[in-house]
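Please read these numbers as outputs of a predicted model, since none were measured by experiment. Note that ligands are numbered from 1 as they come in the structure, with each ligand's atoms numbered from 1 the same way. Every heavy atom of this structure was used, including side-chain atoms; hydrogens, water molecules and symmetry mates were not.
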Amino acid sequence: MATLGIPQNTIAILQKYQFHFQKKFGQNFLIDTSVLERIIKAAQIGSEDCVLEIGPGIGTMTQYLAENAGKVIAVEIDRALIPILEETLAPYDNVTVLQGDILKTDIRELSEKYGGGKRLKVVANLPYYITTPIIMGLFEKDVPVESITVMVQKEVADRMQAEPGTKDYGALSLAVQYYAEPKIAANVPPNCFMPRPAVGSAVIHLKRYPVPPVEVRDDRFMFTLIRAAFNQRRKMLPNALTGANIPGITKESILEALKELRIPETIRGEKLSLPQFAELSNLLCGSQN
Ligand code: SAM
């Protein structure tokens with residue numbers, strides 16, 4: 001099977017099946033072999049690995065994954081792509097293609113059924129309309145995932161990797177960095193896709209921590225504080241948090257906690273690091289009860 005990373009091969013298969021791109025599924029297929037090689041390298045795939053690919057499209061990246069991994073499970077929502085995948089992946093006996101919506105898929109069950117219960121390496125050129133729910137779902141649900149290597153909008157990759165005090169820093173940076181160590185592996189221009197997306201893209205590798213880097217008594221409460229802090233990011237932290245009406249939290253309890261942590265009360269949420277949010281959460285969570 002000729003590699004689909006070469007544009008002429010992708011065009012030939014799309015014409016053969018008279019495939020029509022579906023905007024609602026975020027379909028932008030990769031047509032650049034060097035980008036495909038960089039994704040495989042960033043994901044550190046070896047013959048022992050079980051890979052979950054979200055949205056295989058016509059199987060362009062799936063072919064590379066099948067060449068490198070022990071097992072590949074690919075979940076594709078678009079029924080029109082299933083017959084194409086049967087043809088493009090026919091040479092590989094280590095690939096299972098399933099039709100379905102990844103947001104409604106029991107991933108633990110997939111790993112048990114097809115991957116011997118192994119922790120999965122997730123690799124995908126993600127549909128951009130559901131990037132955040134997919135990634136946060138993989139972290140928050142109790143899913144056996146070792147790492148996530150994905151193509152996302154460049155702006156989203158920058159936000160995931162951002163540090164306190166920068167313009168890109170926000171609730172997404174903290175949510176991702178609580179679960180994983182992010183590293184942007186490549187920036188990818190629109191001409192590497194068919195059709196071309198309107199925005200630049202980037203490949204980001206998220207290496208999941210065995211345990212989070214900070215100790216938090218109630219992580220859901222910490223994320224409530226984080227969302228409140230960034231919902232009104234121009235406000236000083238005590239005002240932003242009070243404005244969110246979190247049950248049991250008063251301006252006095254916030255000021256007292258900031259004093260104990262030696263954080264100035266004029267600070268804005270965008271300057272607070274993950275360890276500082278964790279400490280603040282632990283203090284306020286206590287004052288809540
Ligand atoms: N992996 C292919 C490539 O790199 O050329 C295609 C990537 S394309 C950006 C995203 C793919 O995800 C499409 O094939 C699309 O149909 C599929 N997709 C969209 N929403 C999905 C969902 N909820 N569950 C599974 N697949 C989905």
J.: Return the closest protein heavy atom for atom 12 (O) of ligand 1 as residue, atom name and distance.
T.: Gly55 CA, 3.2 Å
J.: Does Tyr128 have a heavy atom less than 4.0 Å from any atom of ligand 1?
T.: no
J.: Has ligand 1 got any nitrogen or oxygen that is less than 3.5 angstrom from a nitrogen or oxygen of Ile102?
T.: yes
J.: Nearest to atom 21 (C) of ligand 1 by heavy atom, Val75, Ile77, Val152: which?
T.: Ile77
J.: Do Phe21 and Phe19 have ring centroids that are under 6.0 Å from one another?
T.: yes
J.: If you measure from CE on Met160 to CG on Leu206, what distance do you get to the nearest 0.5 Å?
T.: 6.0 Å
J.: Going by heavy atoms, is Leu103 under 4.0 Å from ligand 1?
T.: no
J.: How far is atom 5 (O) of ligand 1 from the closest protein heavy atom, and which atom is that?
T.: Leu30 N, 2.9 Å
J.: Give the numbers and elements of all ligand 1 atoms closer than 4.0 Å to a heavy atom of Phe29.
T.: 5 (O), 6 (C), 14 (O)
J.: Does ligand 1 have any atom that is closer than 4.0 Å to a heavy atom of Gln27?
T.: yes
J.: Only counting residues at least two apart or in another chain, list the ones meeting side-chain contact (heavy atoms from CB on, under 4.5 Å) with Leu261.
T.: Ile263, Glu279, Leu280, Leu283
J.: List the closest protein heavy-atom neighbour of atom 19 (C) of ligand 1: residue, atom name, distance to the nearest 0.1 Å.
T.: Phe25 O, 3.1 Å
J.: Report the part of Ile130 (side chain from C-beta onward, or backbone N, CA, C, O) that has a heavy atom under 4.0 Å from ligand 1; answer both or neither where that applies.
T.: side chain
J.: Mark the output for Ile58 as yes if a heavy-atom distance to ligand 1 is under 4.0 Å, and as no if none is.
T.: no
J.: What atoms in ligand 1 come closer than 4.0 Å to a heavy atom of Asp101?
T.: 22 (C), 23 (N), 24 (N)
J.: Has the side chain of Thr166 got a donor or acceptor atom that lies under 3.5 Å from a matching backbone atom of Ala162?
T.: no
J.: For Asp78 and Gln27, run side chain to side chain donor-acceptor pair (under 3.5 Å): C-alpha distance rounded to whole Å, both residues' side-chain angles, the deciding distance at 0.1 Å, then the answer.
T.: CA-CA 10 Å; Asp78 188 352; Gln27 291 176 339; 2.9 Å; yes
J.: With heavy atoms of Glu53 as the reference, note each atom of ligand 1 found under 4.0 Å away.
T.: 1 (N)
J.: With heavy atoms under 4.0 Å as the rule, classify the contact between Ala124 and ligand 1 as side chain, backbone, both or neither.
T.: neither
J.: Salt bridge or not for Lys121 and Asp49, using N-O below 4.0 Å?
T.: yes
J.: Is it true that a side-chain atom of Thr3 and a backbone atom of Gly5 form a donor plus acceptor pair closer than 3.5 Å?
T.: yes
J.: Numbering the atoms of ligand 1 from 1, which are under 4.0 Å from a heavy atom of Leu126?
T.: 9 (C)
J.: Would you mind checking if Glu181 and Lys207 are paired as a salt bridge, meaning a charged N to carboxylate O distance below 4.0 Å?
T.: no
J.: Between ligand 1 and Asn125, is the shortest N or O to N or O distance under 3.5 Å?
T.: yes
J.: Suppose I only count heavy atoms of Tyr129 and a 4.0 Å limit; which atoms of ligand 1 are within that range?
T.: 19 (C), 20 (N), 21 (C), 23 (N)
J.: What is the closest protein heavy atom to atom 2 (C) of ligand 1, and at what distance does it sit?
T.: Pro56 O, 3.3 Å
J.: Would you mind running through ligand 1 and noting each atom that sits below 4.0 Å from a heavy atom of Asn28?
T.: 7 (C), 8 (S), 9 (C)
J.: Is it true that Phe25 and Tyr129 have ring centroids separated by less than 6.0 Å?
T.: no
J.: Apply the test ring-ring contact (aromatic ring centres under 6.0 Å, His included) to residues Tyr209 and Tyr178: give CA-CA distance (whole Å), side-chain angles for both, the deciding distance (0.1 Å), then the verdict.
T.: CA-CA 8 Å; Tyr209 294 123; Tyr178 178 65; 8.8 Å; no
J.: Where do Glu67 and Tyr92 land on the side chain to side chain donor-acceptor pair (under 3.5 Å) test, with the steps shown first?
T.: CA-CA 8 Å; Glu67 298 276 354; Tyr92 305 101; 2.8 Å; yes
J.: Are the charged groups of Lys41 and Glu37 less than 4.0 angstrom apart, N to O?
T.: no
J.: Any non-hydrogen atom of Gly100 lying under 4.0 Å from ligand 1?
T.: yes
J.: Just to confirm my output: which protein heavy-atom neighbour is closest to atom 16 (O) of ligand 1, and how far is it?
T.: Glu76 OE2, 2.6 Å
J.: Under the ring pair (Phe, Tyr, Trp, His ring centres under 6.0 Å) test, which residues partner Phe230, sequence neighbours left out?
T.: Tyr169
J.: Relative to the heavy atoms of Gly26, which atoms of ligand 1 are at a distance of less than 4.0 Å?
T.: 8 (S), 9 (C), 10 (C)
J.: Considering distance alone, does some N or O of Leu81 sit under 3.5 Å from an N or O of ligand 1?
T.: no
J.: Using side chain to side chain contact (heavy atoms under 4.5 Å, CB included) as the criterion, point out the one residue from Val122, Ile77, Val75, Leu138 that pairs with Ile102.
T.: Val75
J.: Can an N or O of Asp78 be found at a distance shorter than 3.5 Å from an N or O of ligand 1?
T.: no
